[in-house]
Amino acid sequence: MKSPDLWNMLEKLENRELSRFRKYLSSPYFNSDEKHLQLFEAVYEQVQEDRCDREALDAILFPYKPFAYTRITNLISDLKKHLEGFFVQEKLKADSVKEESLLMEVMNERGLDKLFGQSHTRLK
């Protein structure tokens, strides 16, 4: 059976990244639905066991409701988007020039010339 994208992505995370992604999902700034963290833990367990069982995931997250393929698939899709956002944040954190450049772009778009100049100075 071909693994879904989320399973493949999680399989490639190193231990340090797994820990950081858990913290990312725990942050109300990045994630407003605690089900995503629960889903992450359940999916990661399946990744380690080399299986993919959406019905089991749905039963864990919604124990008193009948299985709904669309509901669990939407949550899986949301979690994948969170993981992609995490990858972007990690990449930006590792590239201070790119991060500062994006900040300059935002400051310029908002007409914050003084702050744009400060970012420009830091880039030099």
Side-chain angles (χ1 to χ4, degrees):
M1 174 180 88
K2 183 179 180 261
S3 295
D5 292 343
L6 177 62
W7 275 246
N8 290 329
M9 293 166 70
L10 288 173
E11 193 173 48
K12 301 292 183 188
L13 292 178
E14 297 173 1
N15 285 338
R16 183 179 84 51
E17 293 171 313
L18 286 167
S19 176
R20 291 184 56 74
F21 185 54
R22 272 186 193 94
K23 290 177 184 175
Y24 179 93
L25 285 176
S26 297
S27 166
Y29 182 78
F30 294 109
N31 179 26
S32 61
D33 187 348
E34 66 185 43
K35 294 260 185 234
H36 293 132
L37 183 56
Q38 294 171 343
L39 178 63
F40 163 70
E41 297 297 348
V43 169
Y44 188 68
E45 185 176 310
Q46 287 191 6
V47 166
Q48 292 176 311
E49 296 170 356
D50 198 27
R51 67 185 179 98
C52 173
D53 184 348
R54 290 173 193 256
E55 285 188 53
L57 295 172
D58 193 72
I60 290 167
L61 272 67
F62 305 99
Y64 302 107
K65 294 184 179 181
F67 173 66
Y69 180 84
T70 304
R71 177 179 59 217
I72 196 65
T73 300
N74 287 342
L75 272 174
I76 288 169
S77 177
D78 291 345
L79 183 57
K80 180 181 174 228
K81 287 177 188 168
H82 280 300
L83 185 53
E84 291 168 346
F86 170 75
F87 286 155
V88 169
Q89 291 295 319
E90 291 292 293
K91 191 69 172 175
L92 275 175
K93 188 186 300 183
D95 188 347
S96 60
V97 172
K98 188 176 285 185
E99 186 176 26
E100 198 67 47
S101 176
L102 285 171
L103 180 58
M104 281 177 55
E105 185 178 320
V106 170
M107 296 303 178
N108 188 44
E109 288 171 355
R110 294 174 183 252
L112 299 168
D113 298 333
K114 178 182 175 190
L115 298 174
F116 174 85
Q118 290 172 1
S119 289
H120 188 267
T121 303
R122 283 193 300 263
L123 267 179
K124 288 182 181 180

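Position 1 is the first residue of the sequence, and the numbers go up from there. Owing to the predicted nature of the structure, the values given are computational and were not obtained by experimental measurement.
Summarising the local packing, CD of E84 is surrounded by more than 12 heavy atoms from other residues, nucleotides or ligands at distances under 6.0 Å. More than 12 heavy-atom neighbours from other residues, nucleotides or ligands sit within 6.0 angstrom of CD on E49.
Taking the six-membered ring where tryptophan is involved, the planes of F30 and Y24 are essentially parallel, since the angle between them stays under 30° and well short of 60°.
Using a 4.5 Å cut-off between side-chain heavy atoms of Ile, Leu, Val, Met, Phe, Trp and Tyr, with links allowed through other members, L25 and L92 fall into different hydrophobic clusters. V88 and Y29 fall into different hydrophobic clusters, where Ile, Leu, Val, Met, Phe, Trp and Tyr are joined by side-chain heavy atoms under 4.5 Å apart, directly or via other members.
To the nearest 0.5 Å, the span separating CG on L75 from NZ on K35 amounts to 8.0 Å. Here CD of E90 is found 10.5 Å from CG of L83. Values are rounded to the nearest 0.5 Å. The NE2 atom of H36 sits 9.5 Å away from atom NZ of K81, with the distance rounded to the nearest 0.5 Å. Of the inter-residue distances, the one linking E41 atom CD with L61 atom CG reads 11.0 Å to the nearest 0.5 angstrom. We find the CZ-CG distance between F21 and L79 to be 5.0 Å, quoted to the nearest 0.5 Å. Note that CG of D78 and OG of S32 are 9.0 Å apart. Values are rounded to the nearest 0.5 Å.
Within the 4.5 Å cutoff, no side-chain heavy atoms of D58 are placed close to those of E55. Looking only at side-chain heavy atoms (C-beta outward), F67 and I72 come within less than 4.5 Å of each other. Between P4 and I76 there is no side-chain heavy-atom pair separated by less than 4.5 Å. When side chains are defined from C-beta on, D95 does not count as touching E99, because their heavy atoms never get closer than 4.5 Å. Looking at I60 and Q38, their side chains never come closer than 4.5 Å, going by heavy atoms from C-beta outward. Annotation: side chain of K91 is not in contact with side chain of K98 (no heavy-atom distance under 4.5 Å). Side chains of D53 and L57 form no contact here, defined as non-hydrogen atoms less than 4.5 Å apart. Between K80 and M9 there is a side-chain heavy-atom pair separated by less than 4.5 Å.
A cation-pi contact links R71 to F62, judged by a cut-off of 6.0 Å to the six-membered ring centre and 45° from its axis.
In terms of modelled atom types and a separation under 3.5 Å, the side chain of W7 and the main chain of D50 share no donor-acceptor contact.
Tested against V47, the residues L10, N8, L13, L6 include a single side chain to side chain contact (heavy atoms under 4.5 Å, CB included) partner, L10.
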